[in-house]
Amino acid sequence: MVQDRPLILGIGGTPRRGSSSERELAISLKAAEQRGARVILLSGAELMLPMYMPAQPQSDQASHLLSALRDCHGLIISSPAYHGSISGLLKNALDYAEELRTDARAYLEGIPVGCIACAGGWQAVGQTLAALRTIVHALRGWPTPYGAMLNTSAALFDADGNCTDPATARQLETVGHQVVEFVRMQRLARQPAPLIAIDARQARNEQGV
């Protein structure tokens, strides 16, 4: 049933189709799907939105992004490192979450968020992952404990987009798995506790009161 399959949204990549950050995102979403989730991937040209301006009419692409953010139960974000932080493309897309401020679930309130960062070196990738986590916190989301950091100075994917490094694949799959697991833990926590009706007088009698 659809209600038993959480919706996980993935956003990231670059304007170039098939970028490393987009391929990483696709692998994490596939792992989430294998755990029973429904998935949506928005990347590349789908995130090339007008510069965010509050209270302005939204483009069709922006409306699609906002609808997906409102509907999703979990989120995975994948960004390349641009000068020590996330890309302008992705930052602008996340700025559109300001339109969710008056929703019943404001911003990314309570949403588990998996973070993925990639760069051609460890220093930049570490800074970018930290920036992603900071932004998620600011939007009231819950970064999952595990965040993937990929050093793309070595080839990690083949021509078809398949990950050729088992350790890298495990990182990306772990992100997808944790997002789905956290969504399901939240659902269990929100279920009302079973009520056990006990006659008060019977309870007192059993206690010898």
Side-chain angles (χ1 to χ4, degrees), residues 6-35 37-52 58-83 85-100 108 111-120 124-125 128-129 131-133 135-136 139 141 143-144 147-152 155-164 168-169 171-180:
L7 177 62
I8 309 301
L9 170 64
I11 61 174
T14 72
R16 178 175 61 85
R17 182 63 66 181
S19 65
S20 294
S21 49
E22 181 179 331
R23 290 176 174 182
E24 294 158 8
L25 183 57
I27 291 171
S28 283
L29 286 175
K30 183 177 180 180
E33 194 170 30
Q34 289 170 343
R35 290 291 172 94
R38 295 170 290 137
V39 301
I40 297 175
L41 189 155
L42 298 178
S43 65
E46 295 163 314
L47 296 180
M48 293 184 67
L49 309 172
M51 184 65 67
Y52 175 69
Q58 305 299 335
S59 67
D60 290 343
Q61 282 178 293
S63 295
H64 182 49
L65 170 64
L66 291 171
S67 177
L69 285 170
R70 287 187 167 106
D71 292 342
C72 74
H73 304 103
L75 179 64
I76 301 175
I77 305 174
S78 177
S79 179
Y82 278 21
H83 305 133
S85 188
I86 71 172
S87 68
L89 177 81
L90 185 55
K91 179 59 169 66
N92 186 52
L94 291 171
D95 285 345
Y96 273 84
E98 182 64 20
E99 295 298 306
L100 310 180
L108 304 179
I111 296 178
V113 182
C115 298
I116 303 169
C118 67
V125 77
T128 302
L129 182 64
L132 270 177
R133 288 181 177 274
I135 292 169
V136 171
L139 291 171
T144 56
M149 296 196 305
L150 278 67
N151 186 336
T152 55
L156 301 177
F157 303 94
D158 63 22
D160 297 320
N162 301 307
C163 185
T164 56
T168 295
Q171 283 197 65
L172 297 171
E173 290 164 357
T174 298
V175 171
H177 292 163
Q178 284 195 351
V179 171
V180 175

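These values consider heavy atoms only, across backbone and side chains, with no hydrogens, waters or symmetry-generated copies.
Considering all non-hydrogen atoms of both residues, L90 and G12 come closest at CD1-CA, 4.2 Å. Here the closest heavy-atom approach between residue G10 and residue L25 is recorded as C-CD2, 3.6 Å. Counting all heavy atoms, side chain and backbone alike, V180 lies closest to P6 at CG1-CG, 4.4 Å. Shortest non-hydrogen contact noted between D158 and T164 is N-CG2, 3.8 Å. Here the shortest heavy-atom pairing between G88 and Y82 reads N-CD2, 4.3 Å. Across P143 and R133, no two heavy atoms sit closer than the pair CB-NH1, 3.6 Å.
Taking CG of L94 as the reference point, atom CG of L89 lies at 9.5 Å (rounded to 0.5 Å). Atom CD1 of I8 and atom CG of L29 lie 8.5 Å apart (nearest 0.5 Å). Taking OG of S67 as the start and CD1 of I40 as the end, the distance is 7.5 Å to the nearest 0.5 Å. Expressed to the nearest 0.5 Å, how far OG of S21 lies from CD1 of I11 amounts to 11.5 Å. A distance of 8.5 Å separates OH of Y96 from CE of M51, quoted to the nearest 0.5 Å.
Judged by distance alone, with hydrogens and angles left aside, the side-chain atoms of E98 form no donor-acceptor pair with the main-chain N or O of D95 at under 3.5 Å. Proximity of a side-chain donor or acceptor of E46 to a complementary backbone N or O of H64 within less than 3.5 Å is not detected. With hydrogens and angles disregarded, no donor-acceptor distance shorter than 3.5 Å links the side chain of R23 to the backbone of N162. Between the side chain of N92 and the backbone N or O of Y52, at least one donor-acceptor pair lies under 3.5 Å. For the pair R35 (side chain) and Q178 (backbone), a donor-acceptor distance under 3.5 Å is absent. Judged by distance alone, the side chain of R38 and the main-chain N or O of C72 form no donor-acceptor pair under 3.5 Å. Between the E24 side chain and the L172 main chain, no donor and acceptor come within less than 3.5 Å of each other. For S85 (side chain) and T128 (main-chain N/O), no donor-acceptor pair under 3.5 Å exists by modelled atom type.
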Passes side-chain contact (heavy atoms from CB on, under 4.5 Å), I135 versus I77? Steps please. CA-CA 11 Å; I135 292 169; I77 305 174; over 6 Å; no

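For D71, the salt bridge (charged side-chain N to carboxylate O under 4.0 Å, His left out) criterion is met by no residue, not counting sequence neighbours. For F157, there are no ring pair (Phe, Tyr, Trp, His ring centres under 6.0 Å) partners, not counting sequence neighbours. Among residues two or more places apart in sequence or in another chain, the salt bridge (charged side-chain N to carboxylate O under 4.0 Å, His left out) test is passed with E22 by R17.
Residues Q58 and L65 form no side-chain contact, since every pair of their non-hydrogen atoms from C-beta on lies 4.5 Å or further apart. Side-chain contact between T14 and S87 is absent, with no heavy-atom pair separated by less than 4.5 Å. Under the 4.5 Å side-chain criterion, counting only non-hydrogen atoms from C-beta, N151 is not in contact with V125.
When each of L108, V113, I111 is paired with L139, the side chain to side chain contact (heavy atoms under 4.5 Å, CB included) condition holds for L108 and for no other. Each of L132, I76, L129 was compared with I116 under the side chain to side chain contact (heavy atoms under 4.5 Å, CB included) criterion, and only I76 meets it. The side chain to side chain contact (heavy atoms under 4.5 Å, CB included) with V175 is formed by just one residue from the set S28, S78, C115; it is S28.
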